[in-house]
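The block underneath contains the structure these notes are about, expressed in structure tokens.
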Amino acid sequence: MVFALKAAPLTFVAHALAVAGAVMVLVWCIHFRGGFAWEAKNKSLIFNIHPVLTLIGFIILGGEAIMSYKSLPLAKDVQKIVHLVLHAVALILGIIGNYCAFKYHNEAGIANLYSLHSWLGIGIIVLYAIQWIYGFVIFFYPGGTMPLRHDSLPWHVLFGFFVYALAVGNAAIGFLEKLTFLEHSGLAKYSSEAYLVNFTAIATILYGAFVLLTVYAQNDPPPPPTDEEFSYAAID
């Protein structure tokens, strides 16, 4: 007997994890870290924008874009547009979030690009942008030839998996890095804030895992394939 994963229950779990992660990162940055600011004497308020936009914008919206073909009972063309737009918004918010980290470092007199987290962050943004542009040009507008789309599709999916998995892993590294800095500055290792940051990282990892599982899960039996099957991938 072969066990088959069904997409619907996996998407429900993923959505619940997304809500939990978003709430926890907001509670952390607002309640424990003092909120947000674009300009402030307390430069940490500038940094607080970074984890919120990275998690809610880049990871969660990016994951929702990936799952859109399985979670939205809409026409294929509508799913394609939702998929494309959500990825674009995720990319923009990810860029702004990264900019806030640089802005915080520059104004607080901290060196840039000295950690694995920062190196991966820049690389992931670049790869995500390349993936989005390639998907737009080949699968959306002006669109490649049918053989080109057919040959590109599996590589497009595989590369998308790789970039998204990197993004989720790097987000977890970022939570660990920030928590380590806070603990070195006096935060108790078993404080409620420390637990909150760790649980946020766990929710992020689980969300990413369920997003990727959803892509491979089964929907109801599909109709016979047509040329439209190669118009866009289920992951960007």
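Every heavy atom of this structure was used, including side-chain atoms; hydrogens, water molecules and symmetry mates were not.
Here the CD atom belonging to Glu39 is positioned 13.0 Å from the NZ atom belonging to Lys41, to the nearest 0.5 angstrom. Residue Phe102 holds its CZ atom at 14.5 Å from CD1 of Ile46, rounded to the nearest 0.5 Å. Between Leu61 atom CG and His87 atom NE2 the span is 10.0 Å, to the nearest 0.5 Å. Atom CE of Met24 sits about 8.5 Å away from atom CZ of Phe199, to the nearest 0.5 Å. Note that OH of Tyr141 is 14.0 Å distant from CG of Leu84, once rounded to the nearest 0.5 Å. The line from CG of Leu86 to CD1 of Ile81 is 12.0 Å long, rounded to the nearest 0.5 Å.
Aromatic pair Tyr216/Phe161: ring centres closer than 6.0 Å. Between Tyr134 and Phe159, the distance from one ring center to the other does not fall under 6.0 angstrom.
Contact check for Trp38 versus Ile49: side-chain heavy atoms found under the 4.5 Å cut-off. Within the 4.5 Å cutoff, no side-chain heavy atoms of Lys178 are placed close to those of Pro51. Side-chain contact check for Met67 versus His15: some heavy-atom pair is nearer than 4.5 Å. Here the side chains of Leu113 and Trp119 are in contact, with some heavy-atom distance below 4.5 Å. No side-chain heavy atom of Trp28 sits under 4.5 Å from any side-chain heavy atom of Asn48. Put simply, the side chain of Gln131 does not reach to within 4.5 Å of the side chain of Leu91, judged on heavy atoms. Side-chain contact between Asp77 and Lys80 is present, with heavy atoms from C-beta onward closer than 4.5 Å. In this structure, the side chains of Ser71 and Phe12 stay at 4.5 Å or more apart for every pair of heavy atoms.
Of the possible donor and acceptor atoms, none in the side chain of Arg149 sits under 3.5 Å from a partner among the backbone N and O of Phe139. Without hydrogens or angle criteria, Lys70 side chain to Ala217 main chain gives a donor-acceptor distance under 3.5 Å. At least one donor-acceptor pair closer than 3.5 Å links the side chain of Ser68 to the backbone N or O of Ala65.
Side-chain contact annotation: His31 with Glu193, donor-acceptor N/O pair under 3.5 Å absent.
The heavy-atom pair separating Ile59 from Val168 by the smallest distance is CD1-N, 3.9 Å. Annotation for Thr214 and Thr11: closest pair CG2-CG2, 3.3 Å, computed over non-hydrogen atoms. The two residues Leu212 and Ala165 make their nearest non-hydrogen contact at CD1-CB, 4.5 Å. Between Ala14 and Tyr207, the shortest heavy-atom contact is O-CD1, 3.1 Å. For Leu45 against Ala40, the heavy-atom pair with the smallest separation is CD1-CB, 4.2 Å. Of all non-hydrogen atoms in Gly62 and Ala90, the two that sit nearest each other are N-CB, 3.7 Å.
In the displayed structure, Tyr114 atom OH is contacted under 6.0 Å by more than 12 heavy atoms of other residues, nucleotides or ligands. Counting non-hydrogen atoms of other residues, nucleotides and ligands closer than 6.0 Å to OH of Tyr104 gives a total above 12.
Between Tyr128 and Phe58, the ring planes are tilted. Angles from 30° to 60° get that label. A parallel orientation is assigned to the rings of Phe136 and Trp132, their planes being inclined by less than 30° (bins at 30° and 60°). Ring geometry, Tyr195 versus Tyr190: the interplanar angle falls from 30° to 60°, so the pair is classed tilted.
Note on Val23: it clusters hydrophobically with Leu196, by side-chain heavy-atom contacts below 4.5 Å among ILVMFWY residues. Under the 4.5 Å side-chain heavy-atom criterion for grouping Ile, Leu, Val, Met, Phe, Trp and Tyr, Ile110 is not connected to Tyr99 through any hydrophobic cluster. Following chains of ILVMFWY side-chain contacts shorter than 4.5 Å, one can reach Val25 starting from Ile202, so the two form part of one hydrophobic cluster. Residue Ile133 is grouped with residue Ile92 when hydrophobic side chains (ILVMFWY) are merged at heavy-atom distances under 4.5 angstrom, including chains of intermediate members. Linking Ile, Leu, Val, Met, Phe, Trp and Tyr whenever their side-chain heavy atoms come within less than 4.5 Å leaves Ile205 and Ile124 in two separate clusters.
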I'd like to know whether Asn170 forms a side-chain contact (heavy atoms from CB on, under 4.5 Å) with Ile173, so could you lay out the CA-CA distance, the side-chain angles of the two residues, the decisive distance to 0.1 Å, and finally the verdict. CA-CA 5 Å; Asn170 198 43; Ile173 293 174; 4.2 Å; yes
Audit row: Phe36, Leu26, side-chain contact (heavy atoms from CB on, under 4.5 Å) steps and yes/no: CA-CA 10 Å; Phe36 315 101; Leu26 287 171; 4.2 Å; yes
Would you check, one step at a time, whether the test side-chain contact (heavy atoms from CB on, under 4.5 Å) holds for Asn198 with Phe175? CA-CA 7 Å; Asn198 282 328; Phe175 284 118; over 6 Å; no
Would Leu55 and Ile60 count as a side-chain contact (heavy atoms from CB on, under 4.5 Å) here? Give the steps. CA-CA 6 Å; Leu55 179 56; Ile60 293 180; 4.3 Å; yes
